[in-house]
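Note that the coordinates shown come from a computational prediction; the quantities given were computed from them, not determined experimentally.
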Amino acid sequence: MINGLSWLVRREVLLLSAGALLAAGAAAAWYLLQATVLTVAVAPRDGTEPELIKAYADALDSGGEAVRLKILSFDDVRESAAALQDGRADLAVVRPDVLLPTNGLTLAILRDQAIIIVSPEQAPIKAFPKLAGRRLGIAAHRDADLLLLKNLLGYYSLTLDTETSALPARDRTVRLVRVDQDAVAAAFREKRIDAFISIIAPSAPKALALVNAARSVARGGKVEFITVEDDGAVIERFPRLQSVTVPGGLFGGDPKLPTDDVKTVGASYRLMARANLSRVVAADITQQLFEKRTAAAAKTDAAEYVQAPAYDTTVAATSARIPIHPGAVDYYEREQHGFVERYGDTLYLLGAIAGGLVSVLAWIRQRLVGLGRERIDEVIDRLLALTEEIQTVQDATRLGALNAEIDGLAAKAARYARAREPDARTMSAVAIAIETARSTLWNRLRSRPT
C-alpha cells in the first residue's frame, strides 16, 4: 500500500494538488459571485402587478444586479400565494385577505387598496348601514374584491344581491349594479345607482376619475364619501384587512374633496418571500425594489405605489399578524451586509475543507517520508548483517546469492534517492554500508580456499 501511495510525495504531485485547490477556490468564488435567480409568482394577469414585476425584472437584468427575477404567472392571487406555499416560488404577489401563505413573510407593499364609496350629495349616504336597500354601482371587479365587500357588508348585517333584476332591493340588501367606468356619471343621472364603489389605491388616477364622475352630477359639486367608523373593530373581525385613511383634499376641487379625512378599510397587494429565504437575499431584493423604483416607474405608474410596511419596532415587525421578513427589516433599519457577512458560512466551509485537504496531504507526505527513511534504515541494517554473514560463508553459490542481494539493495537505495532527494548523511551511510559489504565479499572470495 505504501508503494502505491508513494507518488503522493512527489513535488510535481504536490504542486498539482495545490493548483487544484486554488482552482477549486476560484470556482467557488465564481459561483458565489453569480446572480441569485428568484422565482416570483405573479397574479392577477389582468392586474397591474405583472407589468410592475416585469419592469423590476428588466431593471435588475439591465443593471447586472446580484439578484434576478424569473416570473411565474397566474390568473388569480390565490394561485400565486399557493405557489409560494407549496415551494414552486421563492417570492409571490399575495393579497392576505384572499390567501395568506403559511410560509410567507412580507418584503414590501406593492399597493394599498381602500374601499372608496361615493354618492352625489342629493342621495346622501354617509355610512355603511345607510346602504341598506340601495343600489351600488361597480365597474369590472375581481372575486377577491367581491369577497371583501361581502365581508364588510356582513359586518353591518347587510347582504349583497348580485342579481340583475330591476326590482328594488330589499331592506337589508345592497343591490350590486355593473357599470362601466366611463358611464358612472350617466348611471347617477339616470338614477340606476345611488352610490358607486371602487376598491382601489386612493391616489390612483381611476379614483380621481370616479370622484369627478360623482361631482359632475352633484349640486354644487358636493360629494359624500361613505366612512367605516368602526374600522378598528372591523380589523379585529377581519385581521388581514387594514385601516386606511383618505386624507382630506386628496381629490382637490372647490370645495375640496373630501372635506375631511375619510376612514375606511382596505386590502394590500404584497410581495412576500418564503420564510426560509436567506436574510441577505431578502434584504437584497427589498433594497432593489426601492433603488430600482425610478427605472420601473418609467415603464409603469404602479411602481410609484410601492412602499415599506409600517411597523414601530423590530419585534412588532416580525410578530405582526402579517409578519415582515427579517431580511426586509435589515434593509429598512439599514443593517446592510458586507461580502464576508453574505458568504461567511460558505467561505468558512471552503476554508475548512481546503485546510483539511492540505493537512491530509502534509500528513501523508510526512508519513511516507518517514516510512521511506525506515526502509533505508532496513537497507543499511541488512547490508551490515550481510557483511557479518559473508565472513563465515564458504560456499561459492551462497556468496553469489549474497552478491546479488547486495546489488538489489543498492538498486533500491538508488531509486529512493532519485524519488525522495534524501539528505547527504543518509545516502553517505548507505554508500558506506554498500561499499563495506562489497569489500567484505571480495575479500572473502579472494581468501576462500581454491
Side-chain angles (χ1 to χ4, degrees), residues 97 109 111-139 141 144-161 169 171-177 179 184-185 187-188 193-204 206-268 305 310:
D97 63 310
I109 295 175
R111 60 184 167 109
D112 272 330
Q113 290 191 311
I115 292 180
I116 298 178
I117 305 178
V118 297
S119 66
E121 191 187 47
Q122 58 266 34
I125 305 172
K126 297 184 179 182
F128 254 85
K130 297 298 183 181
L131 284 171
R134 300 298 188 117
R135 295 160 299 182
L136 184 62
I138 189 170
H141 61 274
D145 294 338
L146 195 59
L147 177 62
L148 172 56
L149 179 57
K150 284 181 177 179
N151 287 337
L152 190 55
L153 291 173
Y155 175 82
Y156 291 103
S157 299
L158 300 174
T159 58
L160 189 64
D161 181 5
D171 288 345
R172 304 302 299 174
T173 299
V174 179
R175 171 70 55 77
L176 198 63
V177 180
V179 177
V184 175
F188 276 123
I193 59 174
D194 302 301
F196 189 88
I197 181 173
S198 184
I199 301 175
I200 194 171
S203 57
K206 287 184 178 180
L208 177 59
L210 163 62
V211 173
N212 285 337
R215 190 193 334 239
S216 69
V217 299
R219 290 192 296 267
K222 294 183 178 180
V223 175
E224 291 291 349
F225 291 82
I226 294 180
T227 62
V228 182
E229 295 293 342
D230 306 308
D231 58 325
V234 170
I235 299 303
E236 285 297 317
R237 178 83 169 271
F238 306 104
R240 294 174 185 174
L241 299 180
Q242 58 196 37
S243 297
V244 180
T245 298
V246 179
L250 176 65
F251 303 109
D254 185 18
K256 69 176 185 179
L257 293 176
T259 55
D260 295 302
D261 291 351
V262 176
K263 295 172 63 178
T264 183
V265 296
S268 59
Y305 305 114

For [X] and [Y], work out which heavy atoms get closest and say how close.
X    : Y    : answer
L158 : P129 : CD1-CA, 4.4 Å
V244 : P202 : CG1-CG, 4.4 Å
R215 : G252 : NH1-O, 3.6 Å
A185 : V217 : O-CG1, 3.6 Å
P247 : D261 : CA-OD1, 3.4 Å
S268 : I109 : CB-CG2, 4.1 Å

Suppose we screen for side-chain contact (heavy atoms from CB on, under 4.5 Å). Which residues come up paired with A139, at least two apart in sequence or across chains?
Q181, F196
Gap separating the [atom1] atom of [X] from the [atom2] atom of [Y], nearest 0.5 angstrom:
X    : Y    : atom1 : atom2 : answer
I116 : L250 : CD1   : CG    : 7.5 Å
L131 : I117 : CG    : CD1   : 5.0 Å
R175 : L160 : CZ    : CG    : 10.0 Å
L210 : S198 : CG    : OG    : 6.0 Å
T173 : R134 : OG1   : CZ    : 14.0 Å
L148 : Q113 : CG    : CD    : 8.5 Å

Does the plane of the ring in F238 sit parallel, tilted or perpendicular to the ring in Y155? Use 30° and 60° as the thresholds.
perpendicular
Assess whether atom NZ of K150 is packed by more than 12 heavy atoms of other residues, nucleotides or ligands within 6.0 Å.
no
With respect to L136, which candidate in V179, D194, D161, V174 satisfies the side-chain contact (heavy atoms from CB on, under 4.5 Å) definition?
V174
What do the steps show when you test Y305 against S203 for side chain to side chain contact (heavy atoms under 4.5 Å, CB included), and what is the final call?
CA-CA 9 Å; Y305 305 114; S203 57; 3.2 Å; yes
Before you tell me yes or no, could you show the steps for F225 and L257 under side chain to side chain contact (heavy atoms under 4.5 Å, CB included), namely the whole-Å CA-CA distance, both residues' side-chain angles and the distance that decides it to 0.1 Å?
CA-CA 9 Å; F225 291 82; L257 293 176; 4.2 Å; yes
With a 4.5 Å limit on heavy-atom distance, are the side chains of L146 and L176 in contact?
yes
Any V246 side-chain heavy atom under 4.5 Å of F251 side chain
yes
Quick one: salt bridge (Lys or Arg N to Asp or Glu O under 4.0 Å) partners of D97, sequence neighbours excluded?
R95
Partners passing side-chain hydrogen bond (donor to acceptor under 3.5 Å, both in side chains) against T259 (at least two apart in sequence or in another chain)
none
Backbone of I115 reached by a side-chain donor or acceptor of T264 within 3.5 Å:
yes
